[in-house]
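Down below is the structure, laid out as structure tokens.
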Amino acid sequence: MPRHTFILNGTRMSVEAEDDVRLLWVLRDLLGFTGPKYGCGINVCKACTCHINGKAFNPCSVPISAIRPDDEITTIEGLAASVGRDLHPMQEAWLDNDVAQCGYCQPGQIMAAVAKVRQARAEGREIRDADLDEIRNICRCGTYNRIRQAIKAGAARM
Amino acid sequence: MKSDDSAPPRPEDGGDLSSRRRFLGYLLAAPTLVVAAEIGAPGRAEAAIPSLPQPAELYDSMDLFRDAALPTANLITIQINRDGTASFALPRAEVGQGITTSTAMLIAEELDLPVDRVHVGLADARPELLFNQLTGGSVSTVTTYTPIRVAAAIARQRLLRAAAIELGDGVSNLVTKGGEVVSTVTGRALSYGELATKAAGVVLEQVSVTLKPRSQFTVIGTPQSRVDALDAVTGRKAFAMDLQVPGAKPTMVCRPPTINGTVRGVRNTAEVRAMPGITDVVVIPTGVAVRGQTFGQCIDAVRALKVDWGPGPVDGASDETVLRELRRAELPLAVPAVPLLAQTVDGDFTSHFASPAALEPLCAVADVRSDRAEIWAPLKVPIVAQKAIAEALGVPQSAVTVHVTQAGGSFGRKLFPDAAVEAALVSKAVGKPVKLMWHRVDECRAGRAHPMSTTRVRATVLAGQVLTFELRHTSVTTDFGQGLGEVLTAMAMKLPVGNYGFAQGAFLLTQKVPYHFGVVTQLLNEVEIGFNTGSMRQVYSPDVCCARELMVDELAARMGKDAYRFRREFLKDDRSRAVLDKVARAGNWGRTMAPGTAQGIAFHAEFKGYSAALVEIDCRPRTTGRKVPDAVTGPRVTKVVFAVDVGLPVNPRGLEAQMMGGIMDGIALALTSSLHLKDGHFLEGSWDNYFYTRQWNVPPELEIHIMPATTDQPGGAGEFAVGPAKAAVACAYGRATGTMPTSFPINHGTLSFEPKPTVPPIPQSPIDGLDHAL
Ligand code: FES
Ligand code: FES
């Protein structure tokens with residue numbers, strides 16, 4: 001079976017898997033990183049959102065063979081450490097606003113939020129309501145307004 | 001053995017009678033302090049039974065569930081641990097509604113222990129609890145409020161007594177605070193941890209206590225954040241799919257192309273079993289199961305299977321055929337004799353199929369051996385699951401251990417043990433543990449639908465009065481899940497609804513017309529058409545409340561009255577008017593709005609509580625014409641002001657979260673989310689077809705007002721907001737567009753997506769994810 005190597009949450013990983021197995025299942029079923037959640041498997045619910053080299057992406061829709069050895073994958077488990085803290089400012093904002101209900105969507109929401117703020121900053125501006133309207137992550141418990149508040153609060157501390 | 005309360009009596013609260021009442025409980029023989037609660041029969045069920053037509057006003061579903069839970073409520077126990085924490089295994093499911101947090105608050109309050117030192121876990125299936133292990137109908141807090149506090153109060157009393165001996169002090173000189181017993185004389189303190197062993201019971205002992213009066217509450221009624229919030233934001237909160245049970249490999253089921261179709265044969269079992277990663281292929285009653293190293297490989301295998309499918313029981317069915325059957329079954333509206341000059345106002349509304357669609361699809365882990373089975377799954381009625389699994393496996397119920405896992409949402413879906421039974425059958429067939437997951441598409445197409453229904457209303461008005469108001473709700477049968485049905489059946493003798501059967505009972509117990517509308521009759525008629533249905537969040541209310549409130553708007557218009565003032569004038573009591581006034585004032589009812597935009601207002605009473613919603617909607621072309629890929633936009637609700645009175649709010653912050661979620665559901669059910677039935681299957685397959693509220697549909701302005709406590713008892717809350725939110729959106733939409741909507745959701749008539757194929761039953765995952773990295 002092909003062997004794949006990449007950097008996961010700051011640590012070099014090596015895993016045996018068929019080339020076409022999507023990264024989400026490599027992370028969850030083979031490596032035991034269960035922070036990224038399954039909600040659709042076709043890149044529409046965004047529950048599995050992680051970062052690749054700092055950008056948000058959906059591992060349910062990426063074969064493991066598309067990941068290069070120097071790619072840095074960050075899951076919710078490694079988000080805080082990626083900024084050298086116990087909790088990322090966005091996670092703190094989530095706690096301050098008591099965002100979660102069932103919590104199933106929240107790892108993906110937080111990863112998407114961090115990337116969204118970075119994206120706005122890269123364009124030389126702060127996050128706006130129009131940016132928040134673009135976030136595709138589903139929250140079936142309907143925590144959307146608290147998510148919006150938390151993103152603004154988290155951005156202010158990022 | 002019986003002993004008297006030796007703890008100092010709580011200072012009495014003037015108006016609070018329940019604080020003087022003594023409650024009985026038990027001290028159990030155990031290594032550390034373990035207490036159990038028991039309360040006597042309150043005699044409420046024997047109270048005057050109201051007569052039709054409005055039973056919900058006096059004896060509603062809250063009473064029913066609380067009374068059903070009473071005989072076994074004494075079996076709940078609280079343990080004080082050596083580290084000074086308290087543990088409690090809650091016989092309920094946590095599906096996101098926050099019951100573990102509010103339960104920790106009740107214990108913290110009575111024990112004078114910080115909330116974060118109370119551990120609330122979820123109890124395994126406990127058959128002896130009978131009806132007391134059921135999460136549904138928004139009744140968890142209602143049924144457990146007193147027993148949990150009684151147990152905690154007994155623990156506190158024992159800790160005080162143990163401390164008195166240790167400190168050589170009188171109990172009357174001791175107080176409890178922050179998890180310690182402190183002497184008010186010497187200032188010496190002992191922690192609950194130090195007392196846990198010394199306070200332990202040696203023999204079973206019955207004791208009695210009084211409860212802390214409401215005037216002394218410092219925890220109940222204050223906003224508390226969720227106890228599992230940190231786990232949720234760090235990805236540590238574990239759902240069934242995240243459990244690492246040795247050998248439990250990913251498993252999925254290839255399902256028939258039409259609802260409840262059957263497997264005739266599999267043409268390529270050996271070929272599929274030889275696919276990379278796949279370990280097993282077996283036929284079960286609901287389809288063909290595959291087990292493999294990863295779920296990704298299971299998806300490949302499900303797609304590769306060549307199955308000969310037998311027909312399902314509803315292969316020709318579509319929205320149109322179901323609607324025709326509903327029309328045929330509609331009960332007549334029979335207006336009582338009214339004066340000739342009375343004007344008749346009719347309304348006729350259709351609500352389409354909808355999906356509960358929790359984000360976590362069904363999942364269950366099963367390890368079935370020759371003589372026993374162990375199951376892990378998010379289950380709202382674990383006792384029923386245990387029974388169903390035992391029956392499916394052909395083993396005694398006692399051989400099945402059922403662990404309840406945290407649920408990633410439910411909305412009624414997790415009343416049904418569908419995945420747990422499948423997982424058990426597969427595990428038995430392959431002789432290995434399995435972790436069985438439903439694909440998202442399975443949830444849409446083979447899952448449980450909120451039934452399609454019609455709601456017809458006829459009212460008569462004369463001289464500024466409503467003389468009659470009749471409502472007939474005709475619905476595809478709601479499968480209540482055995483748990484809810486069993487409660488209703490077992491309680492049938494006590495039901496004030498006579499011989500109507502339990503669906504009619506549930507309908508009459510939850511629905512009430514809260515206005516002085518003269519002669520009021522409401523009836524449900526159900527049509528059984530072989531569907532997998534379920535009681536989605538708030539069951540009948542989203543559809544019935546919406547129809548009723550649209551008619552109220554219509555009646556107001558006929559009388560030339562303002563929609564808010566009309567409601568205010570006809571509402572029955574002060575608590576109702578208070579929530580209505582709250583939203584009207586806070587939402588600036590009646591302000592001038594631009595053409596194409598409007599306000600709507602609605603009221604609803606249920607679950608021993610009262611709620612009102614004020615909504616503003618924007619139906620202008622520049623808003624409805626917004627483009628978002630793989631989504632619908634349509635009108636945007638720009639503002640929601642919501643007020644709720646639940647009696648005694650235990651955790652206002654959790655309640656607010658519940659209301660927010662219900663409002664999002666109401667917006668979706670009014671505007672965007674439904675299932676389309678065609679040729680025996682639902683066309684929707686995933687979130688790009690089933691349009692639940694998304695960020696671009698979310699109201700930018702949202703205000704939720706939790707009314708201050710109006711009673712000493714908490715009412716239900718979990719589902720409250722859906723109906724009134726949907727109704728207010730519908731009313732606002734009608735006003736903005738000048739046409740009262742009659743079919744829900746309003747966009748159901750337009751299919752806004754390309755349906756996914758039914759064979760293979762699930763789609764392949766894309767491979768271009770990196771092209772969309774942001
Ligand atoms: S599971 Fe990856 S986007 Fe839904
Ligand atoms: S918190 Fe439950 S899906 Fe978002």
Side-chain angles (χ1 to χ4, degrees), chain A residues 17-18 21-22 24-26 28-30 32 34-35 37-45 47 52 55-63 66 75-77 80 91 94-95 98 100-107 110 115-116 119 129 132-136 138-146 148, chain B residues 95-98 225-226 228-235 237-239 241-242 244 250 276-277 293-297 299 357-360 407-409 411 437 439-440 630 653 657 660-665 686-688 692-696 698 700 702 763 765-770 772-774:
Chain A
E18 299 294 338
V21 175
R22 306 301 189 268
L24 178 62
W25 308 118
V26 172
R28 289 186 53 90
D29 299 340
L30 301 180
T34 55
K37 301 295 182 217
Y38 165 86
C40 72
I42 56 169
N43 207 351
V44 294
C45 77
I52 182 162
K55 287 181 160 190
F57 81 117
N58 292 89
C60 69
S61 301
V62 177
T75 67
I76 188 74
E77 289 96 332
Q91 290 170 309
W94 242 250
L95 292 179
D98 203 31
Q101 280 248 64
C102 80
Y104 195 80
C105 73
Q106 302 298 350
I110 292 169
K116 201 77 189 160
Q119 195 190 0
D129 277 325
L132 301 178
D133 274 6
E134 286 173 4
I135 293 176
R136 299 193 66 98
I138 287 178
C139 175
R140 180 59 185 84
C141 297
T143 65
Y144 292 117
N145 294 74
R146 289 197 300 283
R148 294 170 87 99
Chain B
V95 296
Q97 83 280 41
S225 292
R226 290 184 63 98
D228 56 1
L230 182 63
D231 286 349
V233 304
T234 51
K237 182 166 177 179
F239 300 89
M241 226 180 286
D242 305 331
Q244 313 285 354
Q293 303 297 337
T294 65
F295 279 111
Q297 287 159 321
I299 291 173
L359 187 54
E360 174 203 31
F411 316 105
M437 177 183 88
H439 195 280
R440 169 58 47 198
D630 293 330
R653 184 170 294 155
M660 186 185 291
I663 290 165
M664 299 306 144
D665 288 19
S686 196
W687 303 104
D688 51 343
Y692 182 67
T693 303
R694 305 284 283 270
Q695 283 289 6
W696 50 86
V698 166
L702 178 66
S765 296
I767 53 172
D768 63 349
L770 289 182
H772 305 289
L774 290 168

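First the proteins, then the strands, lettered A, B, ... as listed; each starts at 1.
At distances below 3.5 Å, not a single donor-acceptor pair connects side-chain atoms of A:R140 with backbone N or O atoms of B:A358. Judged purely by atom type and a 3.5 angstrom limit, A:Q101 uses its side chain to pair as donor or acceptor with the backbone of B:A657. A donor-acceptor pair under 3.5 Å is formed between the side chain of A:R22 and the backbone N or O of B:P766. Judged purely by atom type and a 3.5 angstrom limit, A:Y144 uses its side chain to pair as donor or acceptor with the backbone of B:T693. Side-chain atoms of B:K237 come within 3.5 Å of backbone N or O of A:C102 as a donor-acceptor pair.
When heavy atoms are compared at a cutoff of 4.5 Å, A:L30 approaches chain B solely by way of its side chain, counted from C-beta outward. If you measure heavy-atom distances from B:L230 to chain A, the contacts under 4.5 Å come from both the backbone and the side chain. Using a 4.5 Å cut-off between heavy atoms, B:D231 does not touch chain A at all. Interface remark: A:I135 contributes backbone and side-chain atoms alike to the contact with chain B (heavy atom separation under 4.5 Å). For a residue to count as touching a neighbouring chain, one of its non-hydrogen atoms must lie under 4.5 Å from one of that chain's; by this rule B:Q297 touches chain A with the side chain only. Proximity to chain B (any heavy atom under 4.5 Å) is restricted, for A:Q119, to the side chain, taken from C-beta onward.
Closest approach of A:K55 to B:A773, counting heavy atoms only: CB-CB, 4.2 Å. Heavy atoms only, all atoms of each residue included: A:C40 and B:W687 are closest at CB-CD1, 3.9 Å. Heavy-atom minimum distance, B:M664 versus A:N145: CE-OD1, 3.0 Å. Listed here is the closest heavy atom pair of B:Q695 and A:D133: O-OD1, 3.5 Å. The shortest non-hydrogen separation linking A:A66 to B:L770 is O-CD1, 3.7 Å. Closest approach of B:L359 to A:I138, counting heavy atoms only: CD2-O, 3.7 Å.
Note that the CZ atom of B:R440 and the SG atom of A:C60 stand 12.0 Å from one another [nearest 0.5 Å]. Residue B:M241 holds its CE atom at 8.5 Å from NZ of A:K37, rounded to the nearest 0.5 Å. Interatomic distance, CG of A:N43 versus NE2 of B:H772, reported as 6.0 Å (0.5 Å rounding). Rounded to the nearest 0.5 Å, atoms CZ (B:R226) and CG (A:L95) are 12.0 Å apart. Taking CG of B:D242 as the start and OH of A:Y104 as the end, the distance is 7.0 Å to the nearest 0.5 Å. To the nearest 0.5 Å, atom CD of residue B:Q293 and atom CG of residue A:D29 are 9.5 Å apart.
Taking 4.5 Å as the limit, every side-chain heavy atom of B:V698 sits out of range of all side-chain heavy atoms of A:L132. With contacts defined as side-chain heavy-atom distances shorter than 4.5 Å, the pair A:R136/B:D630 qualifies.
For A:W25, the ring pair (Phe, Tyr, Trp, His ring centres under 6.0 Å) test picks out A:Y38, B:F295, with sequence neighbours left out.
Ranked by non-hydrogen atom pairs under 4.5 Å with chain A, the options B:S225, B:P250, B:G235 are led by B:S225. Note on A:Q106, A:E18, A:R28: by heavy-atom pairs under 4.5 Å with chain B, the leading option is A:R28. Top candidate by heavy-atom pairs under 4.5 Å with chain A, chosen from B:D665, B:D228, B:I299, is B:D665. Chain B forms the most heavy-atom pairs under 4.5 Å with one residue out of A:P107, A:P63, A:A115, A:C105, and that residue is A:P63. Contact count versus chain A (heavy atoms, under 4.5 Å) is highest, among B:H439, B:R694, B:M437, for B:R694. By number of non-hydrogen pairs under 4.5 angstrom with chain B, the leading residue of A:A80, A:S61, A:C45, A:A56 is A:S61.
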